[in-house]
Amino acid sequence: MSDTEPQHRYTPELAGAIERRWQEHWQEHGTFHAANPSGPWAQSGTADIGDRPKFMLQDMFPYPSGAGLHVGHPLGFIATDVIARYQRMQGRNVLYTLGYDSFGLPAEQYAVQTGQHPRKTTEENIETYIGQLRRLGLSHDDRRAVQTIDPAYYKWTQWIFTRIYDSWYDERAGKARPIADLVAGYESGTVATPSGAHWGDLTAAERAASVDARRLAYKSTAPVNWAPGLGTVVANEEVTNEGLTERGDFPVFRRNLPQWMMRITAYADRLIDDLDRVDWPESVKAIQRNWIGRSQGAAVTFPLAGSADGVEVFTTRPDTIFGATYMVLAPEHALVDTITPDAWPASTDPRWTGGAEDPRTAVAAYRAVASRKSDLERQVDDKAKTGVFTGAYAINPVTGQRVPVFIADYVLMGYGTGAIMAVPAEDPRDWDFAKKFGLPHVRTVQPAEGHDEDTAYTGSGLMINSSNDRISLNGKDVDDAKATIIAFLEEHGSGHGTITYKLRDWLFSRQRYWGEPFPIVYDEDGAAHAIPERLLPVELPEVADYSPKTYDPQDADSMPESPLGRATEWVTVELDLGDGPKTYTRETDTMPNWAGSCWYEIRYTDPANNERFADRECEEYWMGPGRGDGEGVANDPGGVDLYVGGVEHAVLHLLYARFWHKVLFDLGEISSSEPFRKLFNQGYIQAFAFRDARGQVVPANEVVEEGEGPATKYTWNGAPVTREYGKMGKSLKNVVTPDEMCAQYGADTFRVYEMSMGPLDMSRPWETRAVVGSQRFLQRLWRNVIDEETGALRVVDDAPADDLDRLLHRTIDGVRRDFGHLHFHTAIAKLIELNNVLTRTGMAPRSVVEPLVQMTAPLAPHLAEELWRTLGHDETITFVAFPQADPAKLVQETVTCVVQVMGKVRDRIEVSPSIDAAELEQLARDNAKVLESLGDKQIRKIVVRAPKLVNIVAG
RNA sequence: GCCCUCGUAGCCCAAUCGGCAGAGGCAGGCGACUUAAAAUCGCCCGAGUGCGGGUUCGAGUCCCGUCGGGGGCACCA
């Protein structure tokens, strides 16, 4: 076979050789090293920053799993590489690299399974990734490829933690400030202490507590998500809506445990409001807004019957307060103990008591059951409302009616005030509960015509049954009623308008080994102290057993236990924190794996810096507001010019990273107030999987396909199999790797194929047999430049034919536009089209071939470099200016004008592009085919869109 | 249940502002080259846009409804 093959054909073997050669060339020359404005790389690689504009782009850095990459993973990486290369050809200084997120649960679990140290497996996995990716020719600045497990990196992760720890959120200033300012505020009395006491009257411990209460990173005992099967607590964001952990699907229980938290809730408003300043997909903005869940309403206090105390509730429907016929507290609510009497009030409905002799027994029993329920179980018995009467009554502040107070787990402690006023007539959940417990309802909004009388009414309407001797809401619409009643409540001291959020503080502790240690030690009194910068990093110690203590997944009463707690020699440490050497105890929890990814984009700008997490000048150069694509944009927050990644990080990583970024901004450490100015979500490459009659997965690449369309039959070893569509993975036996593709076709072909499959943001199925199309394109391009038999240059210096020249400029114009919109698939189509014309004419003028090679360079860089060199250029094509379209050549000499009668095409005429409407109309009126189809019909109207269309309306 | 997306040829996908439904690729067919096959080259084939309404001179595109795929949220008061 190979004897007959032309010697200089662009075969996979030749492609592979070319690719390796250029990859070495780039490596050797530091071609992709980006210069910084200051520091060691102020002059770098091929150039200094000069007065070139900058462009910073990146992928969401990968978490290297043991399985290596399949063809779906590099999709985003290839896309960003195309953009990076395109931007370089536009003359921009481009910051583009790829680091590794490498602390965290999966690495640890994998290490536990294989009995190896997580560092070893993690580093091996990273090596595998680097090897696989190197083969693709990605133009990363490899000097900037940070790894979160590197102590030189996590030193600064820990340092940022201490900065957050040493900060508080000043609501009046609307930003974070150093903790010293808080102490000064407490001292001067301009900031009230939590207890309201004078600073001077507080003991040292009370003062410390007052400061701790305001820190942005704080330790507290609060209900957290405890997953016994995982042996650690997890953040709210890491619990799926089934109430299972995102990693491993373990049940989650609510437990009160002392844990480190991040006060992300202080930033709720800014995290929502600043979404208006970034260029992100609306869907991701919607997800974040929804997650933060800002809702406007009122806090209303219901006095307790026979007591001076009251219960504060949060409601978004204060207008319905006249219909509040009972109240519900969350089972964990602090007031429950104080309000619950010893005995049931006279004539208590037996349905309310849970069968208990007295309220205290009923409440205790209900609380026990509720606390043992995992989130999953709460989901499962969904609509069935449960609860018990506390024995206490409150007073509806507008009706004066006594209303019974219940506890029920459909009210959550973590939201609002953990207490509600229940309005069965206007809330379906309250309706269900009221129905079950025989509680009354009063309609306060007139339901719309035809409303089912046996349900709550949540629609709009006019208020009814809502008046007392001081106020009447009757006849008002809902919005008007809300405003009126809030004003009334405020006037009478019973309530006020307020805003509540679904977002809760970020649970930052993990009882795991494989994470950043906290830079925190405790003194003999148990008070926490931050480790000063000079003693960072706090390195992760070696331990004999790094696996966490896990439990039966259902064992709700188990307690988390950190692996670092076993490193006894490490835990006890003597330090001088400024007041002489003392013995301290280290924090043994570690940070969640999100910590390292909260600020890596900043580190990319100056990764070799040992003095600072990033030089201020570097951060400002690459990420500052009004720079790069933010130039000329009003209110630009700065940040990475383009960030590409999957939508699955919409709340986790992207919310946390924004939060840290804003804290650093507030503290004056950085100039940008958002980390990622523009976000793009790439789609996924999915794959078909096949199962036999027993439901067993069979290898997808051995399945035979016959027939077309709905009649297609799939067989494996002659037996019919069924097809399904889903993720690529080992268990589905449908994995295709980039390594296979590079071996079979070459990296350039693989890159072009991935980019040509469809729009980047859409998911699509992988189809190996279609890859050959991309190979044919590159092969034809090669053949247009180089004689396959002799290896000689085939290009001629003749001027191209006029129509070829025009096509070239249309192509340049279109490709530029497509690259700008990340529409690589249409750009490739245009390049193929131009190349096919060259193939067909059999003659390749240099003035067409060179721009074609240049335009192909971002997509198939190795091939382009090789052809560029063959064309006689010594320099890398990397920085050669991208072709410019000549506007004069974009203007067509003639345009085909469509002549329609009643919207139907009747004729096409060639006209000048500059033809005026009147002239075109006349041409259409006189057109023979038009006259024919018009017959004797009257012309009613003529729509002229010169020069492309005329539509004659007749009747 | 609510929200967001996508439905165009056998398959993957194009179609600026509403203006000729087709740029490109795969598969398929025919031909050239070949002893033959593969590869290569040339030519060809193909849908009225999931379905039903509406707006408009004109709808794949806008609006309403509906069905199907994918994703997010869900006792959040």
Side-chain angles (χ1 to χ4, degrees), chain A residues 1 4-6 9 11 241 281-284 286-287 290-291 293 295 297 313-317 320 328 378-379 382-383 385 408-412 414-423 426-430 432-433 500-504 647-648 650-651 681 683-684 686 705 707-712 725-726 752-753 756-759 761-774 776-777 779-780 783 788 814 817 823 825-833 836 839-840 842 896-905 908 940-943 945 948-955:
Chain A
M1 181 211 284
T4 58
E5 193 156 78
R9 171 164 292 177
T11 59
N241 54 22
E282 278 307 316
S283 59
V284 175
I287 290 171
N290 189 333
W291 186 264
S295 60
V313 302
F314 173 74
T315 178
T316 55
R317 293 293 303 274
T320 63
V328 185
R378 291 190 190 211
Q379 291 284 335
D382 210 11
K383 290 284 182 277
K385 295 282 181 294
D409 64 4
Y410 83 93
V411 173
L412 310 173
Y415 184 76
T417 60
I420 62 160
M421 64 175 205
V423 187
E426 275 91 33
D427 185 296
R429 296 154 301 185
D430 297 343
D432 292 344
F433 190 89
T500 307
Y501 305 87
K502 272 163 65 178
L503 181 72
R504 298 186 219 161
V647 72
E648 72 271 18
V651 282
N681 292 124
Y684 300 96
Q686 300 194 287
E705 182 187 329
E708 277 187 352
T712 312
Y725 181 55
V752 170
Y753 176 64
S756 68
M757 291 170 78
D761 53 359
M762 232 203 270
S763 293
R764 52 291 184 52
W766 178 262
E767 195 182 6
T768 296
R769 75 174 168 191
V771 179
V772 68
S774 300
R776 284 180 192 145
F777 161 52
Q779 224 166 40
R780 273 175 220 170
R783 199 180 294 120
E788 285 190 338
R817 203 169 40 237
H823 289 169
H825 59 306
T826 51
I828 291 169
K830 291 179 176 77
L831 295 174
I832 290 175
E833 191 183 2
N836 284 351
T839 302
R840 216 168 294 135
T896 306
C897 177
V898 177
V899 185
Q900 296 178 335
V901 177
M902 303 294 286
K904 291 213 161 59
V905 179
R908 297 182 173 86
R940 285 211 318 243
K941 184 176 172 182
I942 298 187
V943 181
R945 290 283 177 275
K948 298 196 75 171
L949 179 132
V950 180
N951 187 16
I952 298 174
V953 186

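Side chains are part of it too, since the values below use all heavy atoms of this structure and drop only hydrogens, waters and symmetry mates.
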Q. What does A:T500 touch in the nucleic acid at a heavy-atom separation under 4.0 angstrom: a base, only the sugar-phosphate, or nothing?
A. nothing
Q | Where the chi angle of B:rC17 falls, syn if within 90° of 0 and anti if not | A | syn
Q: To the nearest Å, give me how far apart CD (A:E767) and P (B:rG24) are.
A: 19 Å
Check: protein-nucleotides 68-72 of chain B nitrogen or oxygen pairs below 3.5 Å:
none

**Q.** side-chain contact (heavy atoms from CB on, under 4.5 Å) involving A:A419 - partner list, sequence neighbours excluded
**A.** A:V311, A:V313, A:L329, A:H333, A:T417
(Q) Nearest to the side chain of A:E833, heavy atoms from C-beta on, is which of B:rA23, B:rU40, B:rA74? (A) B:rA23
Q. Under 3.5 Å, is there a donor-acceptor pair linking the side chains of A:N951 and A:K941?
A. no
Q. At under 4.0 Å between heavy atoms, what does A:S295 touch on the DNA or RNA strands: base, sugar-phosphate, or nothing?
A. sugar-phosphate
**Q.** Nucleotide of B:rA77, B:rG24, B:rG42 approaching A:I420 most closely (side-chain heavy atoms)
**A.** B:rA77
Q) What is the distance, rounded to the nearest whole Å, between atom NZ of A:K830 and atom P of B:rC13? A) 17 Å
Q. Given atom CD1 of A:I828 and atom C1' of B:rC13, what is their separation to the nearest angstrom?
A. 12 Å
**Q.** All salt bridge (charged side-chain N to carboxylate O under 4.0 Å, His left out) counterparts of A:R317, not counting sequence neighbours
**A.** A:D319
**Q.** Any-strand Watson-Crick or G-U partner of B:rC45, both distances under 3.5 Å
**A.** none
Q: Could you check A:K502 against A:Y415 for side chain to side chain contact (heavy atoms under 4.5 Å, CB included), going step by step and ending with a plain yes or no?
A: CA-CA 6 Å; A:K502 272 163 65 178; A:Y415 184 76; 3.8 Å; yes
**Q.** With A:R9 via salt bridge (charged side-chain N to carboxylate O under 4.0 Å, His left out) - residues at least two apart
**A.** A:E788
Q: Quick one: list whatever passes salt bridge (charged side-chain N to carboxylate O under 4.0 Å, His left out) with A:R908, sequence neighbours left out.
A: none
Q) Which one is paired to B:rA38, where only Watson-Crick or G-U wobble pairs with both distances under 3.5 angstrom count? A) none
Q: With a 3.5 angstrom cut-off on both distances, give the Watson-Crick or G-U wobble partner of B:rC2, or none if there isn't one.
A: B:rG72
**Q.** Distance between P atoms of B:rG60 and B:rA77 (Å, rounded)
**A.** 42 Å
Q. How long is the line joining CZ of A:R780 and P of B:rG25, in whole Å?
A. 7 Å
Q | Euclidean distance, atom CZ of residue A:R840 to atom C1' of B:rC44 [Å, nearest integer] | A | 13 Å
(Q) Tell me which nucleotide, if any, is Watson-Crick or G-U wobble paired with B:rA15 when both distances must be under 3.5 Å. (A) none
Q. Which listed nucleotide (B:rU40, B:rA77, B:rG24) is nearest to the side chain of A:R783?
A. B:rU40
Q) Residues in side-chain contact (heavy atoms from CB on, under 4.5 Å) with A:P759, at least two apart? A) A:D761, A:M762, A:H825
Could you write out each protein N or O paired with an N or O of nucleotides 14-17 of chain B at a distance under 3.5 Å?
residue : atom : partner : partner atom : Å
B:rA14  : OP1  : A:H825  : NE2          : 2.9
B:rA14  : O5'  : A:H825  : NE2          : 3.2

Q | Whole-Å gap separating P (B:rG1) and CG (A:D432) | A | 15 Å
Q | Base orientation of B:rG69, syn vs anti, 90° cut from 0 | A | anti
Q) So what does A:A770 hit on the nucleic acid, given a heavy-atom distance under 4.0 Å: a base, only sugar-phosphate, or nothing? A) sugar-phosphate
Q | Rounded distance in Å between the P positions of B:rU5 and B:rC62 | A | 11 Å
**Q.** Distance, rounded to the nearest Å, where A:K948 contributes NZ and B:rA21 contributes P
**A.** 12 Å
What protein N or O atoms touch nucleotides 55-62 of chain B N or O atoms at under 3.5 angstrom, if any, and at what distances?
residue : atom : partner : partner atom : Å
B:rC57  : O2'  : A:N951  : ND2          : 3.4
B:rC57  : O2   : A:N951  : ND2          : 2.2

Q: Using Watson-Crick or G-U wobble geometry with both distances below 3.5 Å, tell me the partner of B:rC26, or none.
A: B:rG10
Q.
From the set B:rA77, B:rC20, B:rC12, return the single nucleotide nearest to any side-chain atom of A:R764.
A. B:rC12
Q | Under 4.0 angstrom between A:R776 side-chain N/O and B:rU40 OP1 or OP2 | A | yes
(Q) Whole angstroms only, please: what is the CG-C1' distance between A:N681 and B:rC6? (A) 15 Å
Q) For B:rG65, what is the paired nucleotide under Watson-Crick or G-U wobble rules, both distances under 3.5 Å? A) B:rC51
(Q) Under 4.0 Å from OP1 or OP2 of B:rU40: is there any side-chain N or O of A:R9 that close? (A) no
Q.
As a quick check of understanding, evaluate side chain to side chain contact (heavy atoms under 4.5 Å, CB included) for A:Q900 and A:L949, giving each step before the final call.
A. CA-CA 8 Å; A:Q900 296 178 335; A:L949 179 132; 3.9 Å; yes
Q: Please list, chain by chain and in numerical order, all residues satisfying side-chain contact (heavy atoms from CB on, under 4.5 Å) with A:N836, sequence neighbours excluded.
A: A:R780, A:I832, A:R840
Q: Kindly write out the residues that satisfy ring pair (Phe, Tyr, Trp, His ring centres under 6.0 Å) with A:W766, not counting sequence neighbours, or none if the list is empty.
A: A:Y753
Q: Report the residues that fulfil side-chain contact (heavy atoms from CB on, under 4.5 Å) with A:Q686, sequence neighbours left out, ordered by chain and then residue number.
A: A:Y684, A:Y725, A:K727, A:S763
(Q) Would you measure the distance from the C1' atom in B:rC51 across to the matching atom in B:rG7 and give it in whole Å? (A) 11 Å
Q. For A:Y415 and A:I832, take the nucleotide of RNA chain B holding the closest heavy atom to each; which residue's nucleotide lies nearer the 5' end?
A. A:I832
Q. Residues two or more places apart in sequence or in another chain: which of them pass ring pair (Phe, Tyr, Trp, His ring centres under 6.0 Å) with A:F433?
A. A:Y326, A:F406, A:Y410, A:F437
